[in-house]
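What's counted below: heavy atoms across the whole structure, side chains too, no hydrogens, waters or symmetry copies.
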Amino acid sequence: GNHQIGLLGNLGIKYLLTIKRDEASIPSSTGKIKYTYKEDKWKEVFSEGPVSVLENTSYHPPYYLKTDGKVNLLEHRDDYWKFLVDTPQKNTLFLNENYTSSWFILIDGHRVKNRMYLGTFKSVTVDSGVHTVEFAYYNRDLYNGALLTLLGVILAILLTKNKLIY
């Protein structure tokens, strides 16, 4: 059956690899792309055999503001995003990366509330003006586990040195 790909265009996805299929849904170079999409939003940019690549012609990065303003990515790692946001009015910064409570958000160095949108992504309200916005991931369970392991090793060493373990 046909699948809608319209939502993918809003998620920071620039290219989509597809397989053309014939009427029996078998991959075929003469088949058709089985996704439903608007041709003004997605354009076929490569085709070889049954493989086709669509380009999102209205691509934007996986971060953006709800209304007028500018957002510039300053730094990005797997566990960290840093932006410079310039907005003439109160605004919302959206980051299309999965929400978990282990993500912390700082605006100008002050911790603020992390909000979920679309049931899975992160967003934060930003006051008017120029602000630095940071998203930082801190896995409490990992750090707590490492601390308990370290304490266990220290305790084992102390007990062994004091000959409490035979």
Side-chain angles (χ1 to χ4, degrees), residues 2-19 33-46 51-158:
N2 285 349
H3 304 284
Q4 298 270 345
I5 63 170
L7 180 61
L8 295 178
N10 297 325
L11 298 179
I13 295 174
K14 187 166 185 173
Y15 295 101
L16 179 66
L17 179 70
T18 64
I19 303 294
I33 297 170
K34 295 290 185 175
Y35 295 109
T36 302
Y37 65 96
K38 293 182 179 177
E39 293 193 11
D40 64 326
K41 301 275 185 194
W42 293 89
K43 178 178 82 174
E44 187 176 47
V45 293
F46 176 82
V51 176
S52 179
V53 176
L54 302 178
E55 180 181 15
N56 178 358
T57 59
S58 59
Y59 168 80
H60 62 77
Y63 52 87
Y64 56 95
L65 293 170
K66 183 176 184 177
T67 60
D68 291 340
K70 294 179 185 175
V71 58
N72 293 311
L73 178 63
L74 301 176
E75 187 178 344
H76 175 243
R77 298 186 305 267
D78 288 342
D79 62 348
Y80 183 77
W81 294 80
K82 184 176 184 178
F83 301 98
L84 185 64
V85 175
D86 185 355
T87 179
Q89 72 275 339
K90 192 174 204 174
N91 211 332
T92 302
L93 173 61
F94 296 103
L95 178 57
N96 292 339
E97 188 168 88
N98 285 334
Y99 171 95
T100 71
S101 60
S102 294
W103 280 96
F104 296 90
I105 301 175
L106 302 171
I107 296 180
D108 299 327
H110 301 286
R111 189 165 169 192
V112 296
K113 186 171 173 55
N114 188 359
R115 292 191 334 223
M116 186 182 338
Y117 81 99
L118 291 179
T120 192
F121 302 117
K122 298 184 275 297
S123 70
V124 64
T125 301
V126 181
D127 289 331
S128 64
V130 178
H131 302 280
T132 301
V133 180
E134 299 169 86
F135 291 80
Y137 186 79
Y138 178 77
N139 188 331
R140 286 181 221 125
D141 294 335
L142 176 67
Y143 292 110
N144 289 341
L147 179 62
L148 288 174
T149 301
L150 179 63
L151 289 174
V153 168
I154 291 170
L155 183 61
I157 290 170
L158 290 175

Looking at [X] and [Y], would you say the former's side chain and the latter's main chain have a donor-acceptor pair under 3.5 Å?
X      : Y      : result
Thr125 : Thr92  : no
Asn91  : Asp68  : yes
Asp108 : Thr132 : yes

Roughly how far apart are [X] [atom1] and [Y] [atom2], rounded to 0.5 Å?
X      : Y      : atom1 : atom2 : result
Leu17  : Ser52  : CG    : OG    : 8.0 Å
Thr87  : Lys66  : OG1   : NZ    : 12.0 Å
Leu93  : Tyr64  : CG    : OH    : 9.5 Å
Asn96  : Ser123 : CG    : OG    : 10.0 Å
Glu55  : Ile13  : CD    : CD1   : 13.5 Å
Lys113 : Ile107 : NZ    : CD1   : 13.0 Å

Checklist entry - Do other residues, nucleotides or ligands put more than 12 heavy atoms under 6.0 Å from the CG atom of Asn72? => result yes
Checklist entry - Tell me, do Thr18 and Val53 make a side-chain contact under 4.5 Å, heavy atoms counted? => result no
Next on the checklist: Counting C-beta onward and ignoring hydrogens, is there a side-chain heavy-atom pair between Asn56 and Leu16 closer than 4.5 Å?
Outcome noted: no
Show the nearest heavy-atom pair for residues [X] and [Y], with the distance to one decimal.
X      : Y      : result
Thr100 : Tyr137 : OG1-CE1, 3.6 Å
Thr120 : Asn98  : OG1-OD1, 2.9 Å
Gln89  : Thr67  : NE2-OG1, 2.7 Å
Tyr99  : Lys122 : CA-CG, 3.8 Å
Phe135 : Val124 : CZ-CG1, 4.0 Å
Pro88  : Gly69  : CD-CA, 4.0 Å

Checklist entry - Passes side-chain contact (heavy atoms from CB on, under 4.5 Å), Val112 versus Leu106? Steps please. => result CA-CA 6 Å; Val112 296; Leu106 302 171; over 6 Å; no
Checklist entry - Between Phe83 and Trp81, how do the two ring planes meet: parallel, tilted or perpendicular, split at 30° and 60°? => result parallel
Checklist entry - Can Tyr80 and Lys82 be said to form a side-chain contact (heavy atoms from CB on, under 4.5 Å), step by step? => result CA-CA 7 Å; Tyr80 183 77; Lys82 184 176 184 178; 3.4 Å; yes
